[in-house]
Amino acid sequence: MIVGVVGKIAAGKTTVAKFFEEKGFCRVSCSDPLIDLLTHNVSDYSWIPELPEKAEPTRDRLIEFGKYLKETYGEDILIRLAVDKMRHCKNIVIDGVRSEGEIKAVKRLGGKVIYVEASPEVRFERLIKRKASKDKGIKRFEDFKAMDDAEERLYHTSELKGLADYIIVNEGTLEELRERVKGIIEHIAGKV
């Protein structure tokens, strides 16, 4: 079984994917193949489309390289690479699915898609708390909003909600989120 997790920045995609991981799923992010290719860490793959010049995987570089790969090798390239990286796993959860083409690729493989959402204010608070290196340029809500708007223009993330099999509004506690994910896993397992 493959599950793709979609949502805006800091909506809780990785947390949802980690809950799947706790239930035995292998977790991989759509950005993992990009990071692996940029850092030349490709031993987990049975194939690679091309090896770029070695570079630090900054958010801007990941976006630029991801866009290039999709234009060159198809909208589903990151899904194909993520699944290949986890090919030894029976159940895979893919964090950070970002486009209609990627959603269609997950569904073509018989998978399900979860859309995770939260208000911009909640997401900004989370982003500040997580202190990820890729977010270090974001200090104020205005910075976050500008980045969020740019990502929306690039990926049209909010439009992807209608393609999801499940929608999670993630503005409560971690335990509430865990219970919601547990219910989805049980629902999916019942259909497999």
Side-chain angles (χ1 to χ4, degrees), residues 1-116 127 130-136 151 154-155 157 160 163-166 178 181 184-185 188-189 192:
M1 167 56 64
I2 297 174
V3 174
V5 185
V6 186
K8 291 185 169 248
I9 296 166
K13 298 180 299 291
T14 301
T15 304
V16 166
K18 285 179 179 177
F19 290 153
F20 272 88
E21 188 175 34
E22 288 173 6
K23 297 295 184 182
F25 280 69
C26 293
R27 180 172 60 93
V28 63
S29 171
C30 271
S31 61
D32 288 352
L34 295 172
I35 293 166
D36 293 342
L37 288 168
L38 284 168
T39 60
H40 291 195
N41 178 23
V42 294
S43 61
D44 289 338
Y45 299 89
S46 67
W47 65 281
I48 54 171
E50 67 180 75
L51 202 56
E53 186 177 320
K54 202 170 187 177
E56 183 186 347
T58 62
R59 185 181 288 275
D60 288 342
R61 200 168 277 133
L62 291 171
I63 289 170
E64 181 183 318
F65 186 51
K67 192 174 172 189
Y68 164 77
L69 285 178
K70 288 177 183 185
E71 288 169 355
T72 308
Y73 299 99
E75 190 70 30
D76 64 345
I77 184 66
L78 298 181
I79 299 297
R80 289 187 285 143
L81 286 167
V83 169
D84 180 61
K85 181 176 181 166
M86 295 295 156
R87 65 191 174 281
H88 61 279
C89 299
K90 181 180 176 195
N91 296 311
I92 303 169
V93 61
I94 304 173
D95 176 9
V97 175
R98 296 225 187 280
S99 70
E100 183 175 344
E102 290 175 351
I103 288 174
K104 287 179 178 176
V106 168
K107 291 187 176 200
R108 236 187 346 267
L109 294 168
K112 298 292 181 188
V113 175
I114 299 169
Y115 187 91
V116 185
L127 184 130
R130 75 183 184 192
K131 294 182 177 151
S133 61
K134 64 184 177 183
D135 302 326
K136 62 186 168 199
E151 186 174 86
L154 182 63
Y155 299 119
T157 312
L160 302 177
L163 302 173
D165 299 293
Y166 303 92
R178 184 186 307 274
V181 170
I184 291 171
I185 293 171
I188 290 171
V192 175

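In what follows, residues are counted from 1 in the order of the sequence shown.
- Rounded to the nearest 0.5 angstrom, K85 NZ and S29 OG are separated by 9.0 Å.
- Put simply, the side chain of P57 reaches to within 4.5 Å of the side chain of T39, judged on heavy atoms.
- Shortest non-hydrogen contact noted between A82 and V28 is CB-CG1, 3.9 Å.
- Judged by distance alone, the side chain of K13 and the main-chain N or O of V5 form no donor-acceptor pair under 3.5 Å.
- How far CG of D44 is from NE2 of H88: 8.0 Å, rounded to the nearest 0.5 Å.
- Between the side chain of D36 and the backbone N or O of V42 there is no donor-acceptor pair closer than 3.5 Å.
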Report task. Please lay out, stage by stage, how V93 and V16 fare under the test side-chain contact (heavy atoms from CB on, under 4.5 Å). Result -> CA-CA 9 Å; V93 61; V16 166; 6.0 Å; no

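- More than 12 heavy atoms of other residues, nucleotides or ligands sit less than 6.0 Å from atom CD of E22.
- A distance of 13.5 Å separates NZ of K107 from CD1 of I2, quoted to the nearest 0.5 Å.
- The heavy-atom pair separating P52 from L38 by the smallest distance is CG-CD2, 4.0 Å.
- Judged purely by distance below 3.5 Å, without hydrogens or angles, the side chains of Y155 and E102 never pair a donor atom with an acceptor atom.
- With rounding to the nearest 0.5 angstrom, the CG atom of D165 is 9.5 Å from the CD1 atom of I184.
- Among all heavy-atom pairs drawn from E75 and S99, the shortest one is OE2-OG, 2.6 Å.
- Between the CD atom of E50 and the CZ atom of F65 there is a distance of 5.5 Å, given to the nearest 0.5 Å.
- Considering all non-hydrogen atoms of both residues, G96 and C30 come closest at O-CB, 3.4 Å.
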**Report entry** Test log, rule side-chain contact (heavy atoms from CB on, under 4.5 Å), inputs L78 and R98
**Finding:** CA-CA 10 Å; L78 298 181; R98 296 225 187 280; over 6 Å; no

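- Residue pairs meeting the ring pair (Phe, Tyr, Trp, His ring centres under 6.0 Å) criterion with at least one partner in residues 11-58, sequence neighbours excluded, are F20-F25.
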Query raised in the report: Does the side-chain contact (heavy atoms from CB on, under 4.5 Å) test come out yes or no for V3 and V113, once each step is laid out?
Result: CA-CA 6 Å; V3 174; V113 175; over 6 Å; no

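- Taking 4.5 Å as the limit, every side-chain heavy atom of Y115 sits out of range of all side-chain heavy atoms of L163.
- Note that the CG atom of D76 and the NZ atom of K70 stand 10.0 Å from one another [nearest 0.5 Å].
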Requested in this report: Begin with the C-alpha distance, continue with both residues' side-chain angles, and end with the deciding distance and a verdict on side-chain contact (heavy atoms from CB on, under 4.5 Å) for R80 and V83.
Outcome: CA-CA 5 Å; R80 289 187 285 143; V83 169; over 6 Å; no

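- Salt bridge E100/K104: present, at least one basic N to carboxylate O contact under 4.0 Å.
- Smallest separation of non-hydrogen atoms from S46 and R87: N-NH1, 3.6 Å.
- Shown here for P49 and L69, the closest heavy-atom pair between the two residues is CG-CD2, 4.2 Å.
- A donor-acceptor distance shorter than 3.5 angstrom exists from the side chain of R61 to the backbone of E56, with no hydrogens or angles considered.
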